[in-house]
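Below is one structure, written out as structure tokens; comments come after it.
Residue numbers start from 1 in every chain, and the chains themselves are labelled A, B, ... in the order their sequence lines are given, proteins ahead of strands.
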Amino acid sequence: MHNAVTNDQIADVLDQVADLLEFEAANPFRIRAYRNGSRIARDLTESLATLSADPERQLTDLPGIGKDLAEKMDTLLTTGRLPLLEEIFERVPQSVLSLMRIPGLGPKKASVLYRELGITTLAALKAACEADQVRALKGFGTKTEEAILAGMELAAAAGERIYWADADRIATQLLSHMKSCPTIEQMQMAGSYRRRRETVGDLDLLVDSEDATKVMDHFGRFSEIKSVTGRGETKMSVRLESSLAIDLRVVSTDSFGAALQYFTGSKAHNVRLRGMAKARKLKINEYGVFAGEKKIAGRTESGVYTALELPCFPPELREDREEFDWAANGAMPELVDLSDIRGDLHMHTTATDGKCTLREMVEAAKDRQLQYIAITDHSQRVTMARGLNPDRLRRQWREIDKLRKEVDGITILKGIECDILEKGGLDLPDDVLAEADYVVCSIHYGQNQPRKQITDRMLEAIEHPYTSAIAHPTGRLINRRKPYDVDLEAVLRAAAEHKKLLELNAHPSRLDLDDIGCASARSHGAQVVIATDAHTIVGLDVMRYGVMQARRGGLTKKDVANSRSWDDLKKWLGGRTR
DNA sequence: GCCGTTTTCGGCCCGACTGTTTTCAGTCG
């Protein structure tokens, strides 16, 4: 018996099929269909297993999934395998996929290497390059051979995405460097960085200037650059010491908006947009929107969208998920903004594993214009963090009472991050929880339990009369262990029903509810609370990353609980809190 | 392989750059 097949696993298989079909030079549109299917699986707000099992619905309801792909997904769901992939592996060795990961080496060239030299592995390719065999092939030359060898070293580091927050540091440095170039009219970062994806693969800088040469020369003097990997009339590519790639594109004022739209993407969003343009007998490219020969938009980004009778989508939403439907139905969400956030409901102090005192945290929150905060140290089960037992917790609350009298202009809530115990149930007695203003429940132990058990533990915590919120139900650190396995849909349903908040961890290295969970939360009517889980004063500053995640998930001010005043929120939570 | 205001066939986004050619294919975004 195989384990439950996840959307990501299905997406990976479909991607492999697409890669291998490309290698075999299959119909490019068939390849695109598989890639599209992969993206749909990855982005879906619920598990394909759930959707497939629902008698009311079908996989073919998903736009882009037809009869064939639906069948293949079902096969994967029920057997964990895909006969088509196994058939392809009989013709093509799996390891050729690694060849295509080398920058500059696509399916066609990889295929030639395989057919002519029988190369299937990176090691064999390296040997062939060093033996000067590759340059002898038709369509290859010495430059290609050199590029392959250089690319191989790069291949390990390349393709790795970095946190948005890290990309932000580099982007800020770059923009500040470019500012001193006098021939620049305007410039903007585009790409996934502008779309605020939680990780960024490379940076795209778009510049409006009449003197591309000067701009590119100036760009080339950015101190972090290790090598220039390409330079043409209007486009230049470099790689930084950190191996991050940056693309620069120089356009004229006339085209800046169209180029900004184009290079912001996403690719899927743009493909969709181009299709819509075509249906209106318009052509759209990075220079503008054209009716025949006549350019009808391009100077501004909003102009491009207006020409297609579309709203200027916030970049965070440009993923070809639901944004076009929202636009068509006049239901574009007004996304939540950092300035909407009035309170932070999760933070720690020196009482447990925080690095700053209660007073320091309160002062820091005031500095950040927060109207209310909840102090939520760990409960006793978290021994590593010296979690609070009832006595110590009540002592902290008396301290808060004192502080309330000394500090005005901010509401300090008596809270607790109460553990959900391994065997179920909460880590503190009901009479203690009843005295708290705010109780957020977390799982720190027993994270490897089966899905059903984890889900039941969470549901019990949600149904408990004195709890206010449930912490990061899909919480996972990027590049770290896999998240614990939980029926997120059930958690969201219960949270909505029992009026409990769903905590979205704002830290940039977390992919908590990210886009997927947010969309689900919205569809269930569950309220999200964006929280920093700050352990230090500067920890409070990650709130903006949480807001970014929420925006990508299409959440409005109304969906985010801590954009309300505490009085309103308290009312919404009902009689449980004081 | 998907899809339908060109609806069951015949389309499917578009351009820059590179290296190899000697007029263009492959790769990338």
Taking only the [atom1] atom of each, what is the distance from [N] to [M] in whole angstrom?
N: B/dG15; M: B/dC9; atom1: P; answer: 31 Å
N: B/dG26; M: B/dT21; atom1: P; answer: 13 Å
N: B/dT20; M: B/dT27; atom1: P; answer: 13 Å
N: B/dT5; M: B/dG1; atom1: P; answer: 23 Å
N: B/dC17; M: B/dC12; atom1: P; answer: 25 Å
N: B/dC2; M: B/dT8; atom1: C1'; answer: 12 Å
N: B/dT7; M: B/dC3; atom1: C1'; answer: 9 Å
N: B/dG11; M: B/dG19; atom1: P; answer: 36 Å

Can you find a side-chain donor-acceptor pair between [X] and [Y] that sits under 3.5 Å?
X: A/T264; Y: A/R194; value: yes
X: A/S47; Y: A/T50; value: yes
X: A/D168; Y: A/Y193; value: yes

According to the Watson-Crick and G-U wobble definitions, with both distances under 3.5 Å, which nucleotide is paired to B/dC9?
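Result: B/dG4.
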Rounded to the nearest angstrom, tell me the gap between atom [atom1] in [X] and atom [atom2] in [N].
X: A/L137; N: B/dA25; atom1: CG; atom2: P; result: 19 Å
X: A/R39; N: B/dC2; atom1: CZ; atom2: C1'; result: 13 Å
X: A/K267; N: B/dT27; atom1: NZ; atom2: C1'; result: 11 Å
X: A/K67; N: B/dC2; atom1: NZ; atom2: P; result: 10 Å
X: A/L14; N: B/dC2; atom1: CG; atom2: P; result: 11 Å
X: A/K138; N: B/dT20; atom1: NZ; atom2: C1'; result: 9 Å
X: A/R318; N: B/dC13; atom1: CZ; atom2: P; result: 20 Å
X: A/I102; N: B/dG26; atom1: CD1; atom2: P; result: 18 Å

In residues 270-302 of chain A, what residues come within less than 4.0 Å of DNA chain B, judged by heavy atoms?
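Of all residues in residues 270-302 of chain A, the ones placing a heavy atom under 4.0 Å from DNA chain B are A/V271, A/R274, A/K278, A/K281, A/K283, A/I284, A/N285, A/E286, A/Y287.
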Between A/P107 and A/L84, which is nearer to the 5' end of DNA chain B once each is assigned its nearest nucleotide?
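Its nearest nucleotide being more 5', the pick is A/L84.
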Considering all heavy atoms of both residues, which atom of [X] and which atom of [Y] are nearest to each other, and what is their separation?
X: A/L77; Y: A/L48; result: CD1-O, 3.8 Å
X: A/V215; Y: A/S209; result: CG2-OG, 3.5 Å
X: A/L69; Y: A/G64; result: CD1-O, 3.9 Å

Using only side-chain N and O atoms of A/K235, determine if any of them is under 4.0 Å from OP1 or OP2 of B/dG15.
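For B/dG15, OP1/OP2 do not have a side-chain N/O of A/K235 under 4.0 Å.
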At less than 4.0 Å, is any side-chain N or O atom of A/S266 found next to OP1 or OP2 of B/dG29? Yes or no.
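Checking A/S266 against B/dG29: no side-chain N or O falls below 4.0 Å of OP1 or OP2.
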Nearest to the side chain of [X] - [options]?
X: A/F29; options: B/dG26, B/dC13, B/dG29; result: B/dC13
X: A/R32; options: B/dT27, B/dT20, B/dC13; result: B/dC13
X: A/K109; options: B/dC2, B/dT27, B/dA16; result: B/dT27
X: A/R30; options: B/dT27, B/dG1, B/dC14; result: B/dG1
X: A/T144; options: B/dG1, B/dG19, B/dG29; result: B/dG19

Under 4.0 Å between any heavy atoms, over every strand shown, what does A/T142 touch: base, sugar-phosphate, or nothing? Just pick one.
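Since only primed, P, OP1 and OP2 atoms lie under 4.0 Å of A/T142, the category is sugar-phosphate.
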For A/T234, which contact category applies under a 4.0 Å heavy-atom criterion: base, sugar-phosphate, or nothing?
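Sugar-phosphate, backbone atoms only, no base.
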Counting C-beta onward and ignoring hydrogens, is there a side-chain heavy-atom pair between A/F222 and A/L205 closer than 4.5 Å?
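A side-chain contact is absent here, since even the closest heavy-atom pair is not under 4.5 Å.
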Testing A/H269, A/K267, A/R195, A/R197 one by one against A/E319 for a side-chain hydrogen bond (donor to acceptor under 3.5 Å, both in side chains), which residue passes?
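That would be A/R195; it is the only one of A/H269, A/K267, A/R195, A/R197 passing the side-chain hydrogen bond (donor to acceptor under 3.5 Å, both in side chains) with A/E319.
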Check A/R299, A/K295, A/E286 against A/S255 for a side-chain hydrogen bond (donor to acceptor under 3.5 Å, both in side chains) and give me the one that passes.
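Among the candidates, only A/K295 passes.
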Check if the side chain of A/N27 and the base of B/dG1 share a donor-acceptor pair of N or O atoms closer than 3.5 Å.
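Indeed there is one.
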